Structure formats: structure tokens, C-alpha cells
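Just so we're clear, the structure is a prediction, and the values are computed from it rather than from any experiment.
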Amino acid sequence: MSRRRYPAGVQDFEKIVTDGFVYVDKTRYVYELANNCGDALFLSRPRRFGKSLLCSTLKHYFLGHKELFEGLAIDRLEKDWTEYPVFHFDMSQCKNDDPGGVRVSLSLSLSIFEEKYGIPKNDLGFGDRLKMLINKAHELTGHRAVLIFDEYDSPVLNVIGEPEKMNAIRSIFNSFYGPVKNMGEHLRFVFITGVTKFSQMSIFSTINNLTNISMQEKWEALCGITSQELEESFHPDIELLAQKRNITNERALQLLRDRYDGYHFGPKMVDVYNPYSIVNAFSAGELEDYWFTSGTPAALIKILDKYNFKLSDIENTQVFRRTFDQPFDNMESAIPILYQSGYLTIKDYDFESNIYTLGIPNQEVHAGLYSTLMPHYLGRDISQNESLIMAVRKAMLADDIDAALTAAQSYLAALPYNLSNKTERDFETLLRVMFDCIGIETRTEVRNARGRCDVVMNGRNTIYVLELKISTTATVDDALAQINERDYLIPYWNDPRPKVKVGVTVNPDTRTIDNWKVER
């Protein structure tokens, strides 16, 4: 069985269908978006989640390129293919984080359309140039124009943490988007994609009829790949993966599910796989962390610091629906941007209380997130002392908690002095980041009916419950006594794995683990 062509990095619909790439047919959604959903729509999804391919598909649909859609779902739905003037702006192309460079990129995009419609060079502002284009296109073609703004917020997200640049770039785009408000009679359809909402971007204040479809039930599977689509469109690839690993197709599907599935974008909880990772995994024939390594989340640490975000809040966080609608510049916590960016997803929804429970989507995001956070919390990259980190991992895989804590003790002792690791909570965070980044599932501040356990770690075959105490005020026996008195093991009684209690003391002066005692 030969390998097929996979559109890894290809976001142009025409190229995918004409060059024979594997394509998951989403065109029934395109028809519905274009005809039965409103005149101006906004869709938020994480980066590399298929937004650009969706925009490209909409572009070719509105350009009337019927031949590209032969045999697809929309071919049975559309009876009257009409060619509209389409203005498609991919804002991710404005990669320059300098306002001057952004102006040049935006001006070049406009000039390409101006040349097409015979508009001479002029010194008008960006908004007036766009307004002139829309009017001219409507006049020449007799059809109202279609506007597509893909990754509208990309230029602003590039300069998070740099207020001066951020305000300058936001001002540029405010002038560009502004005229759209009064152009309704000349516009057939407006489609906007991005990661988050900026209340101070005029695109949300000037387009009065803009509908946010990001969490509407009918669009949960609009971007990404559902379980059914994976099995239908990638069945030969799943078989190849199973053959390569000498496992069953069912086991291969489970590996894919654990690593790339788990995204939910609405209350129906439709399971969605990360499309970028799936395509790259089948293209390379390897299960790696493609989405997370495709771009360093440079703003992530700044956002977590700004909102004093604690790692203990990253799992089982509960929020109301209104949390998702908070614009970025009015956010009260890091939760909305972590969700919108794909680091958290909906894990559960209670219809009666309208409360959403959030958590990390899958193994890929889990591993990538903690490896990114490690230098921030531990003051060094894993590679700077790889032997100790590997010693921790090997010990945990062998369920040798003594050896793991010995290696962790040495690692923590060498941390920079300026790091904040003086309290129990600080040490909880350090241990969680260290163990999570090497693939050991770790939780902190785990609540039960009688208290809150500091650290719970899932080894290969064993559950470890750790209670931490400051060595100047308590002993390891005090820590073990608390585990027993507050029944921290009760939630795991039905788990057949052995349970191990570990009392740990930490020293704020030496800034590392001081001592520990194990009860099996």
C-alpha cells in the first residue's frame, strides 16, 4: 500500500483538490455558512486548525469555481454558481512586528486588488482604499462584494507585551476595518477568523450585524477532523500506521486519539482532532508533537505572568459561558486566551448550571505545554541538565520513587537563586512541571472531601500521593500523618494499582527537597 499525498502546510483549496491531496470534505458547511447563517460571521479557532483552508474554500466558492467542487457535498447543494468579487486578506502575512512593515504589507495587498479593478495609485488611507475597492467592484460586476479577513488578529498577537507597537498596529487596522460598517448594501458576505476578540479593534464595534459562531453547536466540527471523518478519509493511513507498529487498527486509532483528539468547541462536545498534527503524522509516518512544535507560543508566559496563573488551575477549571466571550483586552484571567489558543478545551458541560469544565486536550498539548513552562518555572531548559531529568524519568518508569526524588533533589538544588521556590506552593509547582514535562501525569492541590493533597503522580503502575512540608516547621512524619488523617487515598481505592504515600520536607534555605519518607 503506497503512501498518499497529504496537504502538510498546504492551505489553498485549489491546490489540494487539483494536485490530488487527501481532502476531508467540509463543503456542506461552506454552503450553509454562505447561504443560511447571516451576512457577517466571526469564527475563533486555535492556530493551524484549518481556518485558512476554510477561508480559501469560501473564496473559490464565491468566485464560482464550480469545477473545483465536482464530486464534493456542495456540488449537490448549489444549483446557481455565481461569480462574486472576492477580497481575501490573509493577515498572517503581515509578519513584521514593526508598524511600518505592517503598513507596507497591507498596502501591497490592497494594491493588487486595485490593479485588478483599474483603480489608480492614490494616497488615501487604508479604510478609504478598501471602501473604494468595494464600491468599484460592485459597480463593474453588478454583484455585491465578499470580504474575507483570515487571522485578523495575527499582527496584534505578534506584539503582545509591547504596548507601544500593539497600539500602533491596532490603530492601523482600526482605520482599515472601519468603513465596513456602512458598506452593507455593497457586501454579499463578510467572514472573519482569528484566535481571540479585541474589543478595541473596530472590526467588532463597526460591523453591527457580526455574528460570533465560534461556540454554536452546528459549527463545532467546522474546522478540525471528527472521529468519523478520520476513519472515513484516512482509513488506509491508519492501516499503514498499524502495520508499521505491528498493532491492530483499533490500537492505532487509540494512539491517534490519545495524542491528537480531545478538542471540543461547544456544548455538544463533538470530538475534534487537530488537523495539522493528523496530516503531518500520516505524512511523516510518525506520531510526534507537530502542532506544538510548529510555533513557539512566545506570548504564553507573558499572559500567565500577567494574570498570576497557577498550574493547579490548569485542570478541571470551571467557568460560565460568558468567560469565553471576554475580549482579550478586557480579560480578568488567562483562561479565555488559553482556551481560544488551544491549550485548554471543554471537558464537560452542565446544561442545568451552564457551567463548562476545562482541561488540557490531549497528550501532544500536555507534553508541549509543560516543556514550554519548564524553563520559566525551573529556570533552565531540559537539555541543560538532561542526565538528571532522564534519571527522574527512568526511576518513575521503574516505579522507584526514592531514585526519582534523589535525582529531583539534585536538579532543584542547582536552580538559579533568584527563582521563587520558598513556599510549599512553589515546590508543588516545581515538582509538577518537572514530572509532567517528562510524561508523568502529575496534579497539584487535589481536593477530596476532607482536604487538599499537595501532589498526586501516576507512575507506570503505581499511584503516588505526596504531602509537602517546610522542614523548619514540620517533619516527614507530620506529612505522612496528614495523608492518613485526611484520607487522601480514598479517591483511588477502586483503582487496582498499588498506592504509595510519600511525606516530603522542603528547605527554603537550600531551595530543594530536604528529606522524604515512603509508606507502601
Side-chain angles (χ1 to χ4, degrees), residues 1-11 13 16-17 19-29 45-46 48-50 53-54 57 71-73 219-266 268-294 342 345-348 359-369 393 397 438-441 458-461 495-497:
M1 188 184 299
S2 61
R3 288 196 179 276
R4 302 187 294 164
R5 300 194 70 189
Y6 309 92
V10 182
Q11 300 173 338
F13 174 73
I16 288 174
V17 297
D19 289 2
F21 288 99
V22 177
Y23 176 65
V24 176
D25 188 356
K26 297 282 188 178
T27 58
R28 65 185 177 90
Y29 291 112
R45 285 294 183 271
R48 296 188 180 276
F49 228 89
L53 176 57
L54 174 62
T57 309
L72 298 178
W219 308 115
E220 289 185 32
L222 177 58
C223 292
I225 299 171
T226 66
S227 298
Q228 181 178 346
E229 290 169 340
L230 179 73
E231 296 187 46
E232 289 178 353
S233 298
F234 294 94
H235 181 73
D237 313 293
I238 296 168
E239 286 189 338
L240 273 177
L241 176 64
Q243 291 170 13
K244 180 175 181 179
R245 296 207 167 199
N246 195 27
I247 56 178
T248 64
N249 284 9
E250 290 71 23
R251 178 56 182 158
L253 270 172
Q254 187 62 50
L255 291 176
L256 291 166
R257 188 177 300 117
D258 291 343
R259 199 168 195 121
Y260 305 126
D261 192 14
Y263 292 92
H264 305 114
F265 297 108
K268 284 177 64 178
M269 301 281 292
V270 175
D271 273 323
V272 178
Y273 288 77
N274 186 317
Y276 182 82
S277 294
I278 286 291
V279 167
N280 277 277
F282 288 136
S283 179
E286 300 289 345
L287 302 185
E288 300 291 347
D289 298 334
Y290 299 101
W291 177 78
F292 208 93
T293 56
S294 67
T345 195
I346 299 168
K347 290 290 188 178
D348 191 27
I360 297 175
N362 50 47
Q363 290 176 354
E364 177 183 30
V365 178
H366 187 278
L369 183 60
R393 177 173 172 77
L397 292 178
I438 59 174
I440 306 300
E441 181 187 347
N458 286 320
R460 174 173 285 181
N461 303 302
D495 193 306
R497 291 175 294 173

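- Put simply, CD on E231 and CD1 on I225 are 12.5 Å apart, with the number rounded to the nearest 0.5 Å.
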Checklist entry - Between L287 and L241, is a side-chain contact (heavy atoms from CB on, under 4.5 Å) present by the stated rule, with each step listed? => result CA-CA 9 Å; L287 302 185; L241 176 64; 4.2 Å; yes
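- Looking at every heavy atom in both residues, D271 comes nearest to G262 through OD1-CA, 4.3 Å.
- Considering every non-hydrogen atom in both Y276 and R48, the closest pair reads CE1-NH1, 3.2 Å.
- Side-chain contact between L230 and L253 is present, with at least one heavy-atom pair separated by less than 4.5 Å.
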Item to check | From CA spacing to verdict: side-chain contact (heavy atoms from CB on, under 4.5 Å), R497, N458 | outcome: CA-CA 10 Å; R497 291 175 294 173; N458 286 320; 3.4 Å; yes
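- Under the 4.0 Å criterion applied to side-chain N and carboxylate O atoms, K244 and E286 are assigned as salt-bridge partners.
- Counted by atom type alone, R251 and Q254 present zero donor-acceptor pairs between their side chains at under 3.5 Å.
- For the pair R45 and F265, the cation sits on the ring face: its NZ or CZ lies under 6.0 Å from the ring centre, inside 45° of the axis.
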Next on the checklist: Between D237 and Y6, is the side-chain contact (heavy atoms from CB on, under 4.5 Å) condition met? List the steps.
Outcome noted: CA-CA 10 Å; D237 313 293; Y6 309 92; 2.4 Å; yes
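- Atom OG1 of T345 is separated from atom CE of M269 by 7.5 Å, given to the nearest 0.5 angstrom.
- The two residues Y263 and G342 have their closest heavy-atom pair at CE2-O, 3.6 Å.
- The minimum heavy-atom distance between N249 and A242, with the atom names listed, is OD1-CB, 3.3 Å.
- In this structure, L240 CG and H235 NE2 are separated by 10.5 Å, a value rounded to the nearest 0.5 Å.
- The shortest side-chain heavy-atom distance between R259 and N362 does not fall under the 4.5 Å cut-off.
- Between the side chain of D25 and the backbone N or O of A73 there is at least one donor-acceptor pair closer than 3.5 Å.
- With values rounded to the nearest 0.5 angstrom, R28 atom CZ is found 9.5 Å from L222 atom CG.
- Counting heavy atoms from C-beta outward, Y260 and P361 have side chains that stay 4.5 Å or more apart.
- The nearest pair of heavy atoms linking G359 to K347 is N-CG, 3.5 Å.
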Next on the checklist: K26 vs L54, test: side-chain contact (heavy atoms from CB on, under 4.5 Å). Steps then yes/no.
Outcome noted: CA-CA 8 Å; K26 297 282 188 178; L54 174 62; 5.7 Å; no
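- The nearest pair of heavy atoms linking V270 to E220 is N-OE1, 3.0 Å.
- In this structure, the side chains of T57 and Y29 stay at 4.5 Å or more apart for every pair of heavy atoms.
- Rounding to the nearest 0.5 Å gives a distance of 10.5 Å between OH of Y290 and CD1 of I278.
- You'll find the side chain of F234 stays beyond 4.5 Å of the side chain of L256, heavy atoms only.
- Residues passing the side-chain contact (heavy atoms from CB on, under 4.5 Å) test with D19, sequence neighbours excluded: R5, K15, F21.
- Between the CG atom of D258 and the NE2 atom of H366 there is a distance of 12.5 Å, given to the nearest 0.5 Å.
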